[in-house]
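The structure appears right after this line, and notes come after that.
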Amino acid sequence: MIENLVIVESPAKAKTIEKFLGKEFVVKSSFGHVRDLAKKNLGIDIENNFRPEYIVSADKKKVVKELKELARKAETVWIASDEDREGEAIAWHLQEVLELKKEKTRRIVFHEITKEAILHAITTPRSIDANLVNAQQARRVLDRLVGFELSPLLWKKVKPSLSAGRVQSVAVKLIVEREREINQFSAKTYFRVSAVFKTPKEGRDVKAELSKRFDNEKDTEAFLRKCSEAQFTVQSVEKRPGKKSPAPPFITSTLQQEASRKLGFSVSQTMSIAQRLYESGLITYMRTDSVNLSGLAIATASSEIKSSFGEKYLKVRKFTTKSKGAQEAHEAIRPTYISNRSVNGSSQEQRLYELIWKRTVASQMSDAQLEKTTIRIDLSNAEEHFVANGEVLIFDGFLKLYIESTDEETDEEAAGLLPPLKQNDQLSYKMIEAVQKFTAPAARYTEASLVKKLEELGIGRPSTYAPTISTIQNRNYVLKETRAGQTRQISTLVLEDGKIKQQERTENFGQEKQKLFPTDIGMVVNDFLEQYFEEIMNYNFTADVEKKFDSIAMGKADWQEMISNFYKPFHNKVEETSETSERSKGEKLLGEDPKTGKPVAVKIGRFGPMVQIGDAEDEEKPLFASLLKGQSMETITLEEALDLFKLPRKLGQFEDAEVTVAIGRFGPYVRHQNKFVSLSKEDDPYTIELERAVELIHAKREEEKNRIIKTFDEEPELQILNGRYGPYITYNKKNFRIPKSRKPEELTLEACMEIIKKAPDKPSRRKKS
DNA sequence: CAGTGAGCGAGCTTCCGCTTGACTT
């Protein structure tokens with residue numbers, strides 16, 4: 001017999017709480033939800049007023065069995081799942097599955113994992129809130145209906161195995177729309193003028209910028225000519241105080257953003273590192289939307305600040321959550337013990353911890369005090385004026401510890417200290433420079449900035465940001481890529497000693513690092529969904545249904561009625577689209593083939609995006625070519641499309657065999673006697689000639705020779721080879737690692753066989769879950 | 001790894017939100 005069984009969601013939480021409570025409490029975790037809709041068919045009985053069909057998930061059978069036994073033995077069962085919609089549903093499912101009797105079951109909640117909070121919770125139990133549970137059921141059923149009706153439609157109309165859902169489809173839409181915005185963007189050029197002036201007495205430098213931009217070089221030059229004859233006068237000096245305040249403590253989304261910006265972590269990397277810190281008891285829960293800090297945390301942060309920096313640096317703050325859908329079941333993400341400035345662990349764990357520590361402590365520190373200075377400098381012979389901005393830090397405050405990063409890369413220099421100047425001071429110029437600039441389109445999303453956007457729209461939850469980002473990449477709707485930029489010529493004009501010098505410079509632009517690009521299939525699926533399911537693809541869809549869930553939670557609406565109102569028109573549209581719409585291949589006509597006059601079109605084929613010359617109905621079979629990596633159906637030109645048919649090219653004969661050149665999955669290659677040789681970066685497959693190709697073939701043969709370390713006459717299937725990762729044994733088309741302690745060239749056949757025998761059997765690759 | 005682009009049809013794919021491991025290179 002046990003007196004009390006407490007059930008929480010997370011095992012790490014269970015461990016902590018067990019310590020607070022006495023011996024008469026056994027604390028266990030449910031590991032999140034224990035039941036879900038059946039996966040077969042819909043898992044929803046539509047005919048029967050949307051009755052959900054719940055089953056215990058396969059991976060939860062063991063937990064449920066254990067909990068059931070403990071619950072049977074316990075006098076009182078305390079269900080302490082989180083105080084939000086999902087948590088309430090977990091509580092209800094537990095009550096059902098564990099067959100808990102009402103009189104011995106109590107529902108309790110707490111937001112902080114402190115002894116006081118938990119003891120208080122135990123004195124104030126309540127019963128399960130059926131309305132909140134119903135709101136969750138509505139959420140769950142809606143997502144299942146949308147996902148499991150739209151996905152099969154995509155299998156039929158676009159390609160098998162695709163998926164659609166309330167969250168993922170909108171995430172893809174954001175990326176598709178941004179890409180199109182960038183494609184349609186045309187950069188405008190302008191000239192920015194900046195000057196370095198000299199103060200009259202000390203001759204100190206004053207950097208200033210012209211208030212006006214010129215849109216062509218002629219006007220710019222005319223202005224510089226005026227400058228060469230102008231008198232420069234300080235027209236005004238304006239000083240005003242400024243302040244900066246610290247950012248609130250981390251929640252899931254902001255942690256993901258800052259870890260990406262400051263540490264270069266991917267969203268899923270951040271979450272798994274945070275998970276380890278959490279499991280080691282070093283930080284609080286990492287999936288949260290609340291910026292709230294417990295009283296205890298504020299107190300320890302305060303004493304840490306006082307002892308490390310002094311009283312002056314302390315400013316206790318209460319932050320409030322501003323994001324819309326926030327459910328605030330947890331605290332902000334913070335160190336469990338703020339007195340621990342650093343922790344043991346991997347370097348990634350240490351760096352993430354340090355980031356969390358700084359952000360948490362900085363949030364309770366004073367504002368930084370600044371003095372901002374603006375000096376206006378007028379020209380004697382022109383309307384335009386220069387402005388010099390200065391910023392002096394009077395008191396650093398929280399900046400001592402932590403500065404939040406931004407996504408925008410700015411090329412503006414940070415304002416610094418300006419020399420003392422007063423009105424009517426005369427300045428002379430040292431140098432005035434005009435640099436050609438281009439306007440830039442909106443930036444592509446990174447994983448982290450996409451999370452930020454989703455959160456702003458109230459779409460998705462802290463526990464799903466990382467999985468959503470993975471899903472849209474796994475489905476091949478979106479690719480995370482680093483792409484080299486292009487170069488362009490820019491012009492600069494420099495005025496020095498009364499002379500204007502013009503210079504051309506090359507500049508890189510448009511390079512992208514780990515950014516999200518939509519694929520052709522992503523765009524086709526997006527356009528299909530937008531055409532037929534505008535409502536679900538609307539950025540406000542989630543926010544609108546959330547309002548309805550809220551009213552269900554308040555007991556003002558019936559969940560089945562709400563679902564029914566949504567489902568009827570939705571399902572009709574699915575049926576109608578299934579029957580009437582064409583297969584969606586994203587087909588687009590590019591133009592005419594100049595040689596044959598036949599139409600040239602791009603579309604998604606069985607093996608991905610391709611170009612087709614001619615119609616299927618033609619007598620002659622159409623020609624096909626796959627798009628190359630980096631090309632997109634959206635942006636490919638007729639010329640680029642026709643180029644794809646110039647390969648493979650025949651270069652001529654070598655050693656009585658034909659040499660051809662083409663582009664394959666791994667780039668351009670030369671083919672000869674069924675052997676393939678990659679071209680180097682300098683070679684162009686469209687222009688390469690036989691001589692160079694033969695040279696490459698010879699080089700490859702030389703490399704092959706060095707590749708073979710040892711062969712055995714007795715066993716031709718076995719070879720010792722030199723590979724990319726060092727020497728290895730290949731046998732019957734399987735490869736085996738050679739232990740570091742052995743010298744590969746000295747291995748005997750027997751020794752090789754031994755290594756092969758000892759090698760662990762590779763299990764077949766796990767299927768994507 | 002370096003192609004393919006027809007068609008039949010069985011059987012499978014798929015959602016979002018709660019939680020952790022169990023798996024590789």
Side-chain angles (χ1 to χ4, degrees), chain A residues 8-14 29-37 39 41-44 57 59-60 63 81-82 84-91 93-94 136 139-156 159-169 271-272 275-276 278-279 285-287 327 329 459-468 471 475 536 542 585 603-612 616 621-626 647-648 660-671 674-678 725 737 760 762-769:
Chain A
V8 296
E9 290 184 35
S10 142
K13 198 167 169 181
S29 96
S30 73
F31 293 81
H33 274 294
V34 291
R35 282 206 306 192
D36 192 16
L37 295 174
K39 273 222 162 82
N41 305 321
L42 266 184
I44 299 162
S57 333
D59 55 333
K60 296 294 166 56
V63 185
S81 48
D82 298 342
D84 58 14
R85 202 162 62 204
E86 298 296 327
E88 203 66 16
I90 288 174
H93 281 300
L94 282 171
Q136 192 275 347
R139 198 281 304 156
R140 181 67 193 92
V141 166
L142 177 96
D143 283 337
R144 170 58 66 87
L145 290 171
V146 169
F148 275 38
E149 294 220 352
L150 286 187
S151 300
L153 191 59
L154 292 179
W155 306 341
K156 186 174 169 191
K159 212 178 112 170
S161 297
L162 295 175
S163 66
R166 174 176 58 83
V167 174
Q168 60 168 283
S169 296
M271 292 314 282
S272 66
Q275 176 87 29
R276 288 203 292 277
Y278 168 66
E279 282 169 17
Y285 198 56
M286 64 281 150
R287 291 186 274 264
Q327 313 227 349
I459 299 171
R461 303 277 312 131
S463 66
T464 59
Y465 294 138
T468 300
T471 300
R475 296 269 174 277
I536 287 163
T542 290
K585 293 175 183 162
K603 64 179 183 188
I604 302 232
R606 208 149 56 99
F607 307 101
M610 64 172 191
V611 184
Q612 179 175 340
K621 213 178 155 233
L623 297 172
F624 301 104
S626 289
L647 298 175
T660 56
V661 58
I663 296 178
R665 278 169 62 190
F666 306 102
Y669 65 91
V670 168
R671 183 177 190 165
N674 262 333
K675 291 208 167 180
F676 300 88
V677 186
S678 290
Y725 307 109
R737 189 187 295 166
K762 273 188 201 167
S764 64
R765 257 184 193 220
R766 206 165 58 106
K767 281 185 185 171
K768 271 184 273 176
S769 54

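Computation of the quantities below employed the complete heavy-atom set of this structure, encompassing side-chain atoms and omitting hydrogens, waters and symmetry-equivalent molecules. Keep in mind that what you see is a predicted model, and the values were worked out from it rather than measured. Below, chain A is the first sequence line, B the second, and so on; all start at residue 1.
Across all strands shown, A:Y465 has no heavy atoms under 4.0 Å from either base or sugar-phosphate atoms. No engagement by A:P462 is indicated, since no non-hydrogen atom pair under 4.0 Å with the nucleic acid exists. A:L162 comes within 4.0 angstrom of the backbone, heavy atoms only, and of no base. Among the atoms of the strands shown, base atoms are found under 4.0 Å from some heavy atom of A:R139. A:D59 comes within 4.0 angstrom of no nucleic acid atom, judged by non-hydrogen atoms across all strands. Among the protein residues, A:A89 comes within range of no part of the nucleic acid, since none of its heavy atoms lies under 4.0 Å from any strand. At a threshold of 4.0 angstrom between heavy atoms, the contacts of A:G460 are confined to the sugar-phosphate backbone, with no base atom among them. A:V167 comes within 4.0 angstrom of the backbone, heavy atoms only, and of no base. Counting non-hydrogen atoms under 4.0 angstrom, A:R85 reaches nothing in the nucleic acid. In this structure, A:G165 reaches the sugar-phosphate backbone alone: every heavy-atom distance under 4.0 Å involves primed, P, OP1 or OP2 atoms, never a base.
By the stacking rule of 5.5 Å between ring centres and under 30° between planes, A:F148 does not stack on the base of B:dC15.
A straight line from CZ of A:R35 to P of B:dC16 spans 22 Å, rounded to a whole angstrom. Between A:M610 atom CE and B:dG3 atom P there is a gap of 18 Å when expressed in whole angstrom units. Atom CD of A:E86 is separated from atom P of B:dG17 by 8 Å (rounded to the nearest Å). Put simply, CG on A:L150 is 15 Å from C1' on B:dT13, counting in whole angstrom units. The distance between atom CD of A:Q136 and atom C1' of B:dC18, rounded to the nearest whole Å, is 9 Å. Nucleotide B:dC15 holds its P atom 5 Å from the CD atom of A:Q168, rounded to whole Å. Following rounding to the nearest Å, A:D36 (CG) and B:dC18 (P) show an atom-to-atom distance of 13 Å. One atom, CZ of A:R276, and another, C1' of B:dG21, lie 12 Å apart when rounded to the nearest Å.
You'll find that the side chain of A:S678 is closest to B:dA2, out of B:dT20, B:dA2, B:dC16. Out of B:dG5, B:dT19, B:dC16, the shortest distance to the side chain of A:T464 is found at B:dC16. Taking every side-chain heavy atom of A:K60 into account, B:dC18 is the closest of B:dC18, B:dT20, B:dC15. The side chain of A:Y669 has B:dG3 as its nearest neighbour among B:dG3, B:dC15, B:dT13. When the nucleotides B:dT20, B:dC18, B:dA2 are ranked by their closest atom to the side chain of A:Y278, B:dT20 comes out on top. Among the nucleotides B:dC18, B:dT20, B:dG5, the one closest to the side chain of A:D84 is B:dC18. Checked against B:dG5, B:dG17, B:dT19, the side chain of A:R606 finds its nearest nucleotide in B:dG5. Among the nucleotides B:dG17, B:dT19, B:dC15, the one closest to the side chain of A:E9 is B:dT19. Distance from the side chain of A:S463 is smallest for B:dC18 among the nucleotides B:dC16, B:dT20, B:dC18. Nearest nucleotide to the side chain of A:E279, out of B:dT19, B:dG21, B:dC15: B:dG21.
Looking at which nucleotide of DNA chain B each of A:Q275 and A:L145 is closest to, the 5′-most match is held by A:L145.
Between the side chain of A:S163 and the base of B:dT14, no donor-acceptor pair under 3.5 Å is found. No hydrogens or angles were tested; on distance alone, nothing pairs the side chain of A:R144 with the base of B:dC16 as donor and acceptor under 3.5 Å. For A:S626 against B:dG3, a side-chain-to-base donor-acceptor contact under 3.5 Å is absent.
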Tabulated below should be each protein N or O lying under 3.5 Å from an N or O of nucleotides 8-10 of chain B; please produce it.
none

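Put simply, the side chain of A:Q612 never gets that close to the backbone of A:K603: no donor and acceptor are under 3.5 Å apart.
Under a 4.0 Å N-O distance rule, the pair A:D82/A:K13 qualifies as a salt bridge.
Atom name C1', nucleotides B:dG9 and B:dT13: the rounded distance is 16 Å, in whole Å.
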Legend entry - Per-nucleotide pairing state of DNA chain B [Watson-Crick or G-U, under 3.5 Å; [ ] pseudoknot-crossing; | other strand]: .........................

